[in-house]
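Below is one structure, written out as C-alpha coordinates, with a few remarks after it.
First the proteins, then the strands, lettered A, B, ... as listed; each starts at 1.
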Protein chains: 2
Amino acid sequence: MRGVEIPEIRNIPLFEGMEDESFDLMLKSSYFQRFPPQVQLITEGDPPDFLHIVVDGAVELFAHSNNRETTLAILRPVATFILAAVLKDAVYLMSARTLEPSHVLMIPSENIRAAMVRDHRFSRQIVIELANCYRGVVRAQKSLKLRTGVERLANFLIRIDARGAGDGKVRLLEDKKKLAGLLGMTPENLSRAFGTLKKYGVEVDGNDITLTNLEDLKGLAKPNPLIDDRSI
Amino acid sequence: MRGVEIPEIRNIPLFEGMEDESFDLMLKSSYFQRFPPQVQLITEGDPPDFLHIVVDGAVELFAHSNNRETTLAILRPVATFILAAVLKDAVYLMSARTLEPSHVLMIPSENIRAAMVRDHRFSRQIVIELANCYRGVVRAQKSLKLRTGVERLANFLIRIDARGAGDGKVRLLEDKKKLAGLLGMTPENLSRAFGTLKKYGVEVDGNDITLTNLEDLKGLAKPNPLIDDRSI
DNA sequence: CGACGATTTGAATAGGATCAATGGGAGTGG
DNA sequence: CCACTCCCATTGATCCTATTCAAATCGTCG
(Lines give C-alpha, C1' and ligand atoms only; values in the text may rest on other atoms or scores of the structure.)
Protein backbone atom coordinates (compact mmCIF):
# COMPACT_ATOMS: atom_id res chain seq x y z
CA MET A 1 0.00 0.00 0.00
CA ARG A 2 1.16 3.55 -0.68
CA GLY A 3 0.42 6.12 1.94
CA VAL A 4 1.11 9.58 0.57
CA GLU A 5 -2.02 9.42 -1.52
CA ILE A 6 -4.33 9.03 1.45
CA PRO A 7 -4.49 12.35 3.30
CA GLU A 8 -6.48 10.74 6.09
CA ILE A 9 -3.35 8.81 6.92
CA ARG A 10 -0.71 11.27 5.83
CA ASN A 11 -2.09 13.87 8.21
CA ILE A 12 -2.01 11.73 11.33
CA PRO A 13 0.02 13.75 13.89
CA LEU A 14 2.26 10.78 14.54
CA PHE A 15 3.58 11.04 10.97
CA GLU A 16 3.97 14.79 10.91
CA GLY A 17 7.32 15.89 9.57
CA MET A 18 8.24 12.54 8.03
CA GLU A 19 9.80 12.53 4.59
CA ASP A 20 7.35 11.27 1.99
CA GLU A 21 9.83 8.65 0.90
CA SER A 22 10.46 7.45 4.41
CA PHE A 23 6.74 7.44 5.02
CA ASP A 24 5.99 5.40 1.94
CA LEU A 25 8.68 2.91 2.75
CA MET A 26 7.16 2.39 6.18
CA LEU A 27 3.70 1.86 4.77
CA LYS A 28 4.92 -0.92 2.50
CA SER A 29 3.10 -4.14 3.39
CA SER A 30 0.77 -2.17 5.62
CA TYR A 31 -2.98 -2.56 5.52
CA PHE A 32 -5.68 0.01 5.82
CA GLN A 33 -8.71 -2.07 6.48
CA ARG A 34 -12.38 -1.77 7.40
CA PHE A 35 -13.82 -4.02 10.05
CA PRO A 36 -17.41 -4.53 11.16
CA PRO A 37 -18.22 -4.24 14.88
CA GLN A 38 -17.25 -6.97 17.31
CA VAL A 39 -14.24 -8.20 15.38
CA GLN A 40 -11.34 -9.25 17.58
CA LEU A 41 -8.25 -7.63 16.15
CA ILE A 42 -5.59 -8.94 18.51
CA THR A 43 -5.40 -11.42 21.35
CA GLU A 44 -3.38 -11.12 24.52
CA GLY A 45 -0.41 -13.44 24.52
CA ASP A 46 0.13 -13.23 20.77
CA PRO A 47 3.33 -11.76 19.38
CA PRO A 48 3.02 -8.34 17.74
CA ASP A 49 3.09 -8.30 13.96
CA PHE A 50 1.62 -4.88 13.36
CA LEU A 51 1.24 -1.54 15.05
CA HIS A 52 -2.46 -0.70 14.91
CA ILE A 53 -3.91 2.75 14.49
CA VAL A 54 -7.63 3.46 14.78
CA VAL A 55 -8.42 5.98 12.08
CA ASP A 56 -12.18 5.70 12.28
CA GLY A 57 -14.67 3.96 14.56
CA ALA A 58 -13.93 2.67 18.05
CA VAL A 59 -11.81 -0.09 19.52
CA GLU A 60 -11.99 -1.64 22.97
CA LEU A 61 -8.91 -2.87 24.77
CA PHE A 62 -9.72 -5.64 27.21
CA ALA A 63 -8.10 -8.48 29.10
CA HIS A 64 -8.98 -11.80 30.66
CA SER A 65 -7.90 -13.67 33.74
CA ASN A 66 -9.70 -16.29 35.85
CA ASN A 67 -12.68 -16.31 33.49
CA ARG A 68 -13.19 -12.66 34.21
CA GLU A 69 -12.97 -9.94 31.59
CA THR A 70 -12.32 -6.26 32.03
CA THR A 71 -12.29 -3.25 29.73
CA LEU A 72 -9.04 -1.34 29.99
CA ALA A 73 -9.71 1.42 27.48
CA ILE A 74 -11.92 2.50 24.62
CA LEU A 75 -9.98 4.13 21.81
CA ARG A 76 -11.31 6.61 19.32
CA PRO A 77 -9.55 8.23 16.35
CA VAL A 78 -6.75 8.88 16.09
CA ALA A 79 -5.14 6.43 18.52
CA THR A 80 -2.46 3.81 18.37
CA PHE A 81 -2.55 0.62 20.33
CA ILE A 82 -0.11 -2.05 21.42
CA LEU A 83 2.77 0.32 20.73
CA ALA A 84 4.78 -0.93 23.71
CA ALA A 85 4.52 -4.56 22.60
CA VAL A 86 5.69 -3.58 19.11
CA LEU A 87 8.68 -1.65 20.39
CA LYS A 88 9.72 -4.38 22.80
CA ASP A 89 8.76 -7.15 20.40
CA ALA A 90 6.97 -8.80 23.30
CA VAL A 91 3.57 -10.45 23.43
CA TYR A 92 0.43 -8.37 23.80
CA LEU A 93 -0.83 -7.81 27.32
CA MET A 94 -4.30 -6.86 26.07
CA SER A 95 -6.79 -7.96 23.47
CA ALA A 96 -8.65 -5.60 21.17
CA ARG A 97 -11.99 -5.67 19.40
CA THR A 98 -13.93 -3.20 17.30
CA LEU A 99 -17.04 -1.75 18.90
CA GLU A 100 -18.26 0.02 15.78
CA PRO A 101 -17.51 -0.27 12.08
CA SER A 102 -13.89 0.81 12.12
CA HIS A 103 -11.08 1.74 9.84
CA VAL A 104 -7.74 0.51 11.11
CA LEU A 105 -4.25 1.09 9.78
CA MET A 106 -1.83 -1.75 10.43
CA ILE A 107 1.88 -1.19 9.98
CA PRO A 108 4.35 -4.09 10.28
CA SER A 109 6.28 -3.86 13.55
CA GLU A 110 9.53 -4.21 11.68
CA ASN A 111 8.74 -1.16 9.55
CA ILE A 112 8.08 0.92 12.66
CA ARG A 113 11.40 -0.01 14.18
CA ALA A 114 13.22 0.61 10.89
CA ALA A 115 11.54 4.00 10.44
CA MET A 116 12.60 5.00 13.95
CA VAL A 117 16.22 4.33 13.12
CA ARG A 118 15.99 6.17 9.83
CA ASP A 119 13.92 9.14 10.92
CA HIS A 120 14.70 11.04 14.14
CA ARG A 121 11.62 13.11 14.04
CA PHE A 122 9.41 10.06 13.76
CA SER A 123 11.31 8.39 16.55
CA ARG A 124 10.63 11.42 18.72
CA GLN A 125 6.92 11.28 17.90
CA ILE A 126 6.76 7.60 18.79
CA VAL A 127 8.42 8.29 22.13
CA ILE A 128 5.91 11.03 22.88
CA GLU A 129 3.05 8.75 21.89
CA LEU A 130 4.33 6.00 24.16
CA ALA A 131 4.80 8.47 27.01
CA ASN A 132 1.20 9.61 26.50
CA CYS A 133 -0.02 6.02 26.65
CA TYR A 134 1.91 5.50 29.86
CA ARG A 135 0.49 8.59 31.44
CA GLY A 136 -2.98 7.54 30.36
CA VAL A 137 -2.70 4.27 32.28
CA VAL A 138 -1.26 6.02 35.32
CA ARG A 139 -4.22 8.39 35.33
CA ALA A 140 -6.61 5.46 35.04
CA GLN A 141 -4.96 3.73 37.94
CA LYS A 142 -5.09 6.82 40.12
CA SER A 143 -8.75 7.17 39.30
CA LEU A 144 -9.41 3.56 40.24
CA LYS A 145 -7.54 3.66 43.51
CA LEU A 146 -8.44 7.14 44.72
CA ARG A 147 -12.10 7.46 43.73
CA THR A 148 -15.36 5.66 44.31
CA GLY A 149 -17.49 4.51 41.39
CA VAL A 150 -19.83 7.50 41.67
CA GLU A 151 -16.89 9.89 41.68
CA ARG A 152 -15.39 8.27 38.60
CA LEU A 153 -18.67 8.62 36.76
CA ALA A 154 -19.09 12.25 37.81
CA ASN A 155 -15.60 13.12 36.63
CA PHE A 156 -16.15 11.25 33.39
CA LEU A 157 -19.23 13.36 32.67
CA ILE A 158 -17.50 16.60 33.57
CA ARG A 159 -14.60 15.66 31.33
CA ILE A 160 -16.58 14.85 28.22
CA ASP A 161 -18.68 17.94 28.70
CA ALA A 162 -15.52 20.03 28.81
CA ARG A 163 -14.16 18.28 25.73
CA GLY A 164 -17.38 19.07 23.90
CA ALA A 165 -19.29 22.32 23.89
CA GLY A 166 -19.12 22.66 27.66
CA ASP A 167 -22.81 23.53 27.70
CA GLY A 168 -23.89 20.63 29.89
CA LYS A 169 -25.29 18.63 26.99
CA VAL A 170 -23.40 15.39 26.72
CA ARG A 171 -23.88 12.33 24.54
CA LEU A 172 -22.53 8.94 25.55
CA LEU A 173 -20.79 7.37 22.58
CA GLU A 174 -20.64 3.89 24.00
CA ASP A 175 -23.43 1.80 25.43
CA LYS A 176 -23.72 1.75 29.18
CA LYS A 177 -22.43 -1.76 29.52
CA LYS A 178 -19.08 -0.77 28.04
CA LEU A 179 -19.04 2.48 29.93
CA ALA A 180 -19.52 0.55 33.16
CA GLY A 181 -16.57 -1.69 32.34
CA LEU A 182 -14.44 1.29 31.46
CA LEU A 183 -15.26 2.98 34.76
CA GLY A 184 -14.55 -0.19 36.69
CA MET A 185 -18.07 -1.15 37.76
CA THR A 186 -20.94 -3.39 36.75
CA PRO A 187 -23.81 -2.13 34.55
CA GLU A 188 -26.19 -2.38 37.50
CA ASN A 189 -23.90 -0.26 39.52
CA LEU A 190 -23.55 2.35 36.81
CA SER A 191 -27.30 2.61 36.72
CA ARG A 192 -27.37 3.26 40.43
CA ALA A 193 -24.52 5.72 40.16
CA PHE A 194 -26.60 7.73 37.68
CA GLY A 195 -29.39 7.53 40.22
CA THR A 196 -27.13 8.97 42.89
CA LEU A 197 -26.08 11.80 40.59
CA LYS A 198 -29.68 12.90 40.01
CA LYS A 199 -29.44 15.08 43.14
CA TYR A 200 -26.44 16.77 41.56
CA GLY A 201 -28.28 17.81 38.43
CA VAL A 202 -27.50 14.90 36.15
CA GLU A 203 -30.49 14.08 33.92
CA VAL A 204 -30.40 10.92 31.88
CA ASP A 205 -32.40 10.31 28.72
CA GLY A 206 -30.99 7.20 27.08
CA ASN A 207 -27.52 8.18 25.94
CA ASP A 208 -28.22 11.88 26.21
CA ILE A 209 -27.12 13.37 29.49
CA THR A 210 -27.75 16.88 30.70
CA LEU A 211 -25.73 18.45 33.47
CA THR A 212 -27.92 21.15 34.99
CA ASN A 213 -25.78 21.97 37.99
CA LEU A 214 -22.12 21.76 37.17
CA GLU A 215 -21.12 23.44 40.42
CA ASP A 216 -22.74 20.84 42.61
CA LEU A 217 -21.46 18.05 40.42
CA LYS A 218 -17.92 19.35 40.69
CA GLY A 219 -18.36 19.62 44.42
CA LEU A 220 -18.97 15.92 44.52
CA ALA A 221 -16.49 14.91 41.85
CA LYS A 222 -13.57 17.05 42.99
CA PRO A 223 -11.96 16.96 39.55
CA ASN A 224 -8.18 16.88 39.58
CA PRO A 225 -6.16 18.01 36.58
CA LEU A 226 -3.51 15.40 37.34
CA ILE A 227 -6.13 12.73 36.72
CA ASP A 228 -8.64 14.27 34.38
CA ASP A 229 -6.80 16.72 32.18
CA ARG A 230 -5.51 14.69 29.30
CA SER A 231 -3.70 17.57 27.70
CA ILE A 232 -0.97 17.65 30.33
CA MET B 1 29.96 15.04 38.24
CA ARG B 2 31.89 12.58 36.13
CA GLY B 3 30.34 9.19 35.60
CA VAL B 4 32.85 6.86 34.01
CA GLU B 5 34.68 6.56 37.28
CA ILE B 6 31.74 5.11 39.15
CA PRO B 7 31.20 1.54 37.98
CA GLU B 8 27.97 1.34 39.96
CA ILE B 9 26.55 3.87 37.54
CA ARG B 10 28.48 3.02 34.43
CA ASN B 11 27.18 -0.54 34.54
CA ILE B 12 23.50 0.32 34.72
CA PRO B 13 21.87 -1.57 31.81
CA LEU B 14 20.23 1.62 30.59
CA PHE B 15 23.68 3.03 29.75
CA GLU B 16 25.07 -0.09 28.19
CA GLY B 17 26.76 0.59 24.89
CA MET B 18 27.02 4.34 25.33
CA GLU B 19 30.27 6.04 24.34
CA ASP B 20 32.22 7.13 27.40
CA GLU B 21 32.32 10.65 26.09
CA SER B 22 28.62 10.77 25.42
CA PHE B 23 28.00 9.28 28.83
CA ASP B 24 30.15 11.79 30.63
CA LEU B 25 28.55 14.66 28.81
CA MET B 26 25.16 13.44 29.92
CA LEU B 27 26.22 13.16 33.53
CA LYS B 28 27.37 16.76 33.59
CA SER B 29 25.36 18.63 36.22
CA SER B 30 23.96 15.35 37.45
CA TYR B 31 23.82 14.42 41.10
CA PHE B 32 24.42 11.11 42.76
CA GLN B 33 23.04 11.63 46.17
CA ARG B 34 22.22 9.76 49.38
CA PHE B 35 18.91 10.34 51.09
CA PRO B 36 17.62 9.17 54.46
CA PRO B 37 14.24 7.41 54.62
CA GLN B 38 11.01 9.38 54.25
CA VAL B 39 12.44 12.12 52.09
CA GLN B 40 10.06 13.35 49.42
CA LEU B 41 12.03 13.49 46.18
CA ILE B 42 9.41 14.80 43.82
CA THR B 43 5.87 16.12 44.05
CA GLU B 44 3.04 15.54 41.62
CA GLY B 45 2.26 18.62 39.59
CA ASP B 46 5.85 19.85 39.56
CA PRO B 47 7.73 20.17 36.27
CA PRO B 48 10.45 17.58 35.68
CA ASP B 49 13.99 18.82 36.12
CA PHE B 50 15.75 15.48 36.47
CA LEU B 51 15.36 11.88 35.50
CA HIS B 52 15.73 9.88 38.69
CA ILE B 53 17.33 6.47 38.99
CA VAL B 54 17.24 4.45 42.21
CA VAL B 55 20.66 2.86 42.50
CA ASP B 56 20.30 1.69 46.07
CA GLY B 57 17.53 1.60 48.65
CA ALA B 58 13.81 1.82 47.91
CA VAL B 59 11.49 4.52 46.61
CA GLU B 60 7.72 4.69 46.80
CA LEU B 61 5.64 6.26 44.06
CA PHE B 62 2.37 7.60 45.39
CA ALA B 63 -0.39 10.04 44.55
CA HIS B 64 -3.04 12.13 46.21
CA SER B 65 -6.55 13.15 45.39
CA ASN B 66 -9.48 14.12 47.64
CA ASN B 67 -7.35 13.85 50.75
CA ARG B 68 -6.73 10.21 49.96
CA GLU B 69 -3.31 8.78 49.23
CA THR B 70 -2.39 5.65 47.36
CA THR B 71 0.83 3.78 46.68
CA LEU B 72 1.31 3.17 42.98
CA ALA B 73 4.62 1.33 43.05
CA ILE B 74 7.64 0.54 45.16
CA LEU B 75 10.87 0.72 43.21
CA ARG B 76 14.06 -1.10 44.00
CA PRO B 77 17.42 -0.91 42.24
CA VAL B 78 17.95 -0.41 39.45
CA ALA B 79 14.85 1.48 38.39
CA THR B 80 14.09 4.80 36.75
CA PHE B 81 11.13 6.92 37.61
CA ILE B 82 9.18 9.77 36.02
CA LEU B 83 10.75 8.94 32.69
CA ALA B 84 7.55 9.74 30.79
CA ALA B 85 7.29 13.20 32.35
CA VAL B 86 10.92 13.90 31.44
CA LEU B 87 10.46 12.85 27.83
CA LYS B 88 7.26 14.84 27.41
CA ASP B 89 8.50 17.70 29.53
CA ALA B 90 5.18 17.57 31.36
CA VAL B 91 4.40 17.78 35.05
CA TYR B 92 4.76 14.72 37.26
CA LEU B 93 1.66 12.62 37.78
CA MET B 94 3.10 10.97 40.87
CA SER B 95 5.11 11.90 43.93
CA ALA B 96 8.05 9.93 45.22
CA ARG B 97 9.62 9.38 48.62
CA THR B 98 12.42 7.24 49.92
CA LEU B 99 11.40 4.32 52.13
CA GLU B 100 14.93 3.36 53.13
CA PRO B 101 18.29 5.12 53.04
CA SER B 102 18.68 5.43 49.29
CA HIS B 103 21.20 6.36 46.68
CA VAL B 104 19.61 8.20 43.77
CA LEU B 105 21.14 9.37 40.51
CA MET B 106 19.55 12.48 39.09
CA ILE B 107 20.23 13.47 35.50
CA PRO B 108 18.95 16.77 34.10
CA SER B 109 16.02 16.19 31.76
CA GLU B 110 17.68 18.26 29.09
CA ASN B 111 20.73 16.01 29.13
CA ILE B 112 18.58 12.94 28.64
CA ARG B 113 16.88 14.44 25.63
CA ALA B 114 20.18 15.59 24.18
CA ALA B 115 21.79 12.19 24.71
CA MET B 116 18.89 10.55 22.90
CA VAL B 117 19.46 12.69 19.84
CA ARG B 118 23.20 12.08 19.92
CA ASP B 119 23.21 8.39 20.74
CA HIS B 120 20.90 5.95 18.96
CA ARG B 121 21.68 3.08 21.16
CA PHE B 122 20.82 5.05 24.27
CA SER B 123 17.65 6.26 22.63
CA ARG B 124 16.70 2.67 21.97
CA GLN B 125 17.35 1.74 25.61
CA ILE B 126 15.22 4.60 26.83
CA VAL B 127 12.37 3.50 24.58
CA ILE B 128 12.61 -0.04 25.92
CA GLU B 129 12.67 1.26 29.49
CA LEU B 130 9.59 3.38 28.87
CA ALA B 131 7.81 0.45 27.23
CA ASN B 132 8.64 -1.65 30.29
CA CYS B 133 7.21 1.00 32.58
CA TYR B 134 4.06 1.09 30.49
CA ARG B 135 3.65 -2.64 30.61
CA GLY B 136 4.22 -2.60 34.34
CA VAL B 137 1.29 -0.26 34.88
CA VAL B 138 -0.91 -2.26 32.54
CA ARG B 139 -0.13 -5.39 34.54
CA ALA B 140 -0.93 -3.58 37.77
CA GLN B 141 -4.23 -2.43 36.38
CA LYS B 142 -5.18 -5.89 35.18
CA SER B 143 -4.34 -7.23 38.61
CA LEU B 144 -6.52 -4.61 40.28
CA LYS B 145 -9.52 -5.10 38.03
CA LEU B 146 -9.41 -8.85 37.58
CA ARG B 147 -8.43 -10.12 41.01
CA THR B 148 -9.68 -9.88 44.57
CA GLY B 149 -7.42 -8.68 47.35
CA VAL B 150 -6.63 -12.20 48.53
CA GLU B 151 -5.74 -13.27 45.01
CA ARG B 152 -3.43 -10.31 44.57
CA LEU B 153 -1.63 -11.16 47.79
CA ALA B 154 -1.33 -14.83 46.86
CA ASN B 155 0.15 -13.97 43.49
CA PHE B 156 2.49 -11.49 45.07
CA LEU B 157 3.85 -14.17 47.40
CA ILE B 158 4.21 -16.69 44.57
CA ARG B 159 6.01 -14.11 42.49
CA ILE B 160 8.59 -13.07 45.04
CA ASP B 161 9.20 -16.68 45.96
CA ALA B 162 9.92 -17.46 42.32
CA ARG B 163 12.19 -14.42 42.03
CA GLY B 164 14.12 -15.62 45.03
CA ALA B 165 15.24 -19.15 45.79
CA GLY B 166 11.85 -20.64 45.00
CA ASP B 167 12.07 -22.68 48.19
CA GLY B 168 8.95 -21.23 49.80
CA LYS B 169 10.93 -19.03 52.17
CA VAL B 170 10.05 -15.44 51.50
CA ARG B 171 10.98 -12.23 53.23
CA LEU B 172 8.88 -9.10 52.92
CA LEU B 173 11.11 -6.14 52.20
CA GLU B 174 8.55 -3.50 52.98
CA ASP B 175 6.40 -3.12 56.07
CA LYS B 176 2.87 -4.41 55.84
CA LYS B 177 1.33 -0.99 55.70
CA LYS B 178 3.13 -0.21 52.45
CA LEU B 179 2.53 -3.67 51.10
CA ALA B 180 -1.18 -3.22 51.70
CA GLY B 181 -1.18 0.05 49.79
CA LEU B 182 0.76 -1.51 46.97
CA LEU B 183 -1.71 -4.37 46.72
CA GLY B 184 -4.65 -2.00 46.80
CA MET B 185 -6.05 -2.73 50.24
CA THR B 186 -5.96 -1.46 53.82
CA PRO B 187 -3.51 -2.83 56.38
CA GLU B 188 -6.39 -4.43 58.29
CA ASN B 189 -7.47 -6.16 55.16
CA LEU B 190 -4.00 -7.40 54.38
CA SER B 191 -3.88 -8.92 57.83
CA ARG B 192 -7.15 -10.74 57.16
CA ALA B 193 -5.95 -11.80 53.74
CA PHE B 194 -2.96 -13.47 55.38
CA GLY B 195 -5.46 -15.13 57.71
CA THR B 196 -7.40 -16.46 54.73
CA LEU B 197 -4.22 -17.82 53.16
CA LYS B 198 -3.37 -19.86 56.26
CA LYS B 199 -5.50 -22.69 54.89
CA TYR B 200 -3.35 -22.61 51.77
CA GLY B 201 -0.11 -23.15 53.60
CA VAL B 202 0.99 -19.56 54.15
CA GLU B 203 2.72 -19.17 57.52
CA VAL B 204 3.50 -15.69 58.74
CA ASP B 205 6.19 -14.79 61.24
CA GLY B 206 6.64 -11.05 61.18
CA ASN B 207 8.13 -10.31 57.80
CA ASP B 208 9.17 -13.89 57.20
CA ILE B 209 6.67 -15.87 55.22
CA THR B 210 6.79 -19.58 54.51
CA LEU B 211 4.79 -21.16 51.71
CA THR B 212 4.31 -24.79 52.68
CA ASN B 213 1.84 -25.75 49.98
CA LEU B 214 2.60 -24.02 46.73
CA GLU B 215 0.19 -26.20 44.79
CA ASP B 216 -2.83 -25.23 46.83
CA LEU B 217 -1.75 -21.61 46.84
CA LYS B 218 -1.46 -21.59 43.08
CA GLY B 219 -4.85 -23.22 42.85
CA LEU B 220 -6.29 -20.21 44.62
CA ALA B 221 -4.10 -17.56 42.99
CA LYS B 222 -4.37 -18.79 39.42
CA PRO B 223 -1.16 -17.02 38.40
CA ASN B 224 -1.17 -15.64 34.89
CA PRO B 225 2.06 -14.92 33.04
CA LEU B 226 0.47 -11.94 31.31
CA ILE B 227 0.06 -10.33 34.71
CA ASP B 228 2.77 -11.81 36.89
CA ASP B 229 5.71 -12.58 34.67
CA ARG B 230 7.69 -9.40 34.53
CA SER B 231 10.25 -10.77 32.13
CA ILE B 232 7.88 -10.70 29.18
C1' DC C 1 9.92 1.69 82.33
C1' DG C 2 7.15 4.29 79.15
C1' DA C 3 5.90 5.96 74.67
C1' DC C 4 5.18 5.25 70.19
C1' DG C 5 4.12 2.99 66.00
C1' DA C 6 3.03 -1.30 63.70
C1' DT C 7 0.10 -5.17 63.59
C1' DT C 8 -3.75 -7.79 64.66
C1' DT C 9 -8.53 -8.58 65.92
C1' DG C 10 -13.40 -7.43 66.48
C1' DA C 11 -17.68 -5.11 65.28
C1' DA C 12 -20.30 -2.17 62.41
C1' DT C 13 -20.87 -0.08 57.94
C1' DA C 14 -20.46 0.99 53.16
C1' DG C 15 -19.54 0.06 48.61
C1' DG C 16 -19.94 -2.94 45.09
C1' DA C 17 -21.26 -7.54 43.02
C1' DT C 18 -24.57 -11.02 42.03
C1' DC C 19 -29.02 -12.94 41.16
C1' DA C 20 -33.59 -12.28 39.69
C1' DA C 21 -37.27 -9.91 37.55
C1' DT C 22 -39.24 -6.22 34.84
C1' DG C 23 -39.64 -2.68 31.38
C1' DG C 24 -38.34 -0.78 26.79
C1' DG C 25 -36.80 -0.20 22.32
C1' DA C 26 -34.75 -2.17 17.84
C1' DG C 27 -34.92 -5.47 14.59
C1' DT C 28 -37.18 -9.55 12.31
C1' DG C 29 -40.52 -12.11 10.05
C1' DG C 30 -45.23 -12.90 9.11
C1' DC D 1 -48.56 -3.03 10.38
C1' DC D 2 -48.24 -6.09 14.15
C1' DA D 3 -46.50 -9.78 17.04
C1' DC D 4 -42.43 -11.75 18.55
C1' DT D 5 -37.85 -11.97 20.10
C1' DC D 6 -33.74 -10.38 21.84
C1' DC D 7 -30.77 -7.50 24.16
C1' DC D 8 -30.02 -3.51 26.91
C1' DA D 9 -31.12 -0.95 30.85
C1' DT D 10 -33.23 -0.46 35.21
C1' DT D 11 -34.80 -1.85 39.77
C1' DG D 12 -35.11 -4.71 43.88
C1' DA D 13 -33.23 -7.99 47.11
C1' DT D 14 -29.45 -10.17 48.90
C1' DC D 15 -24.70 -11.33 49.53
C1' DC D 16 -19.91 -10.49 49.78
C1' DT D 17 -15.85 -7.88 49.92
C1' DA D 18 -13.51 -4.30 51.73
C1' DT D 19 -13.38 -0.02 54.58
C1' DT D 20 -13.89 2.27 58.83
C1' DC D 21 -13.75 2.77 63.67
C1' DA D 22 -12.28 0.97 67.95
C1' DA D 23 -9.51 -1.62 70.93
C1' DA D 24 -6.00 -4.80 72.28
C1' DT D 25 -1.39 -6.64 71.62
C1' DC D 26 3.25 -6.58 70.47
C1' DG D 27 7.83 -4.89 69.70
C1' DT D 28 11.22 -1.38 69.46
C1' DC D 29 13.64 2.43 70.87
C1' DG D 30 14.79 6.05 73.86
Side-chain angles (χ1 to χ4, degrees), chain A residues 36-38 58 60 65-71 74 99-101 143-157 171-199 202-209 220-221, chain B residues 36-38 58 60 65-71 74 97 99-101 143-156 171-199 202-209 220-221:
Chain A
Q38 302 302 330
E60 176 189 13
S65 195
N66 284 26
N67 266 344
R68 299 167 203 150
E69 175 178 322
T70 188
T71 299
I74 293 176
L99 293 180
E100 305 170 4
S143 180
L144 267 179
K145 291 183 88 170
L146 291 168
R147 289 173 170 164
T148 65
V150 172
E151 288 169 346
R152 289 196 295 278
L153 174 59
N155 279 296
F156 174 82
L157 295 173
R171 181 162 180 78
L172 304 180
L173 295 174
E174 43 275 313
D175 59 38
K176 293 190 180 146
K177 208 170 171 177
K178 286 298 167 211
L179 179 57
L182 184 62
L183 293 174
M185 52 179 116
T186 56
E188 294 94 325
N189 227 326
L190 175 63
S191 208
R192 292 183 182 104
F194 271 120
T196 304
L197 291 184
K198 228 179 252 170
K199 330 189 235 319
V202 175
E203 292 169 8
V204 181
D205 171 24
N207 280 20
D208 290 308
I209 316 286
L220 170 76
Chain B
Q38 302 304 328
E60 175 188 14
S65 194
N66 283 27
N67 267 342
R68 298 167 202 152
E69 174 177 325
T70 188
T71 299
I74 292 176
R97 69 167 70 96
L99 293 180
E100 304 170 6
S143 180
L144 266 180
K145 290 183 87 170
L146 291 167
R147 289 173 169 163
T148 65
V150 172
E151 288 169 347
R152 290 196 295 277
L153 174 60
N155 279 296
F156 174 83
R171 181 161 180 79
L172 303 180
L173 295 174
E174 42 275 314
D175 60 38
K176 293 190 180 143
K177 209 169 171 179
K178 286 297 167 208
L179 179 57
L182 185 62
L183 293 174
M185 52 180 115
T186 57
E188 294 96 325
N189 224 332
L190 175 63
S191 204
R192 292 181 182 108
F194 271 120
T196 304
L197 291 184
K198 227 178 254 170
K199 325 188 239 318
V202 176
E203 291 169 7
V204 181
D205 171 24
N207 280 19
D208 290 308
I209 315 286
L220 169 77

Whole angstrom value for the distance that separates P of C:dG15 from CG of A:Leu183: 17 Å
Closest to the A:Met185 side chain, choosing from C:dA17, D:dT10, D:dT20: C:dA17
A:Lys145 NZ - D:dA18 P separation (whole Å): 14 Å
d(CZ, A:Phe194; C1', D:dT11) in whole Å: 16 Å
B:Leu144 CG - D:dA18 P separation (whole Å): 11 Å
Flag side-chain contact, heavy atom, 4.5 Å: A:Asn66 against B:Leu146: no
Distance, rounded to the nearest Å, where A:Asp205 contributes CG and D:dA9 contributes C1': 13 Å
Touch class at under 4.0 angstrom, heavy-atom based, for A:Thr148 against every strand present: sugar-phosphate
Nearest-Å distance for atom pair CG/C1', residues A:Leu179 and D:dT10: 15 Å
Side-chain donor/acceptor of A:Arg192 to base of C:dG15, under 3.5 Å: no
Pair of N/O donor and acceptor under 3.5 Å linking C:dC19 base with A:Glu188 side chain: yes
B:Thr186 side-chain N/O to D:dT19 phosphate OP1/OP2 under 4.0 Å: yes
Note, A:Arg152 side chain near A:Leu144 side chain (heavy atom, < 4.5 Å): yes
Between CD1 on residue A:Ile74 and CD on residue A:Glu60, distance to nearest 0.5 Å: 6.0 Å
A:Leu197 side chain reached by A:Leu220 side chain, heavy atoms, under 4.5 Å: yes
Separation of C:dA17 C1' from A:Asn67 CG (nearest whole Å): 16 Å
Test item: B:Lys176 side-chain N/O and B:Gly206 main-chain N/O as donor-acceptor pair under 3.5 Å: yes
Sugar-phosphate only, base, or nothing, as touched by B:Asn189 at under 4.0 Å among non-hydrogen atoms: base
Gap between atoms NZ and P, on B:Lys177 and C:dA6 respectively (whole Å): 4 Å
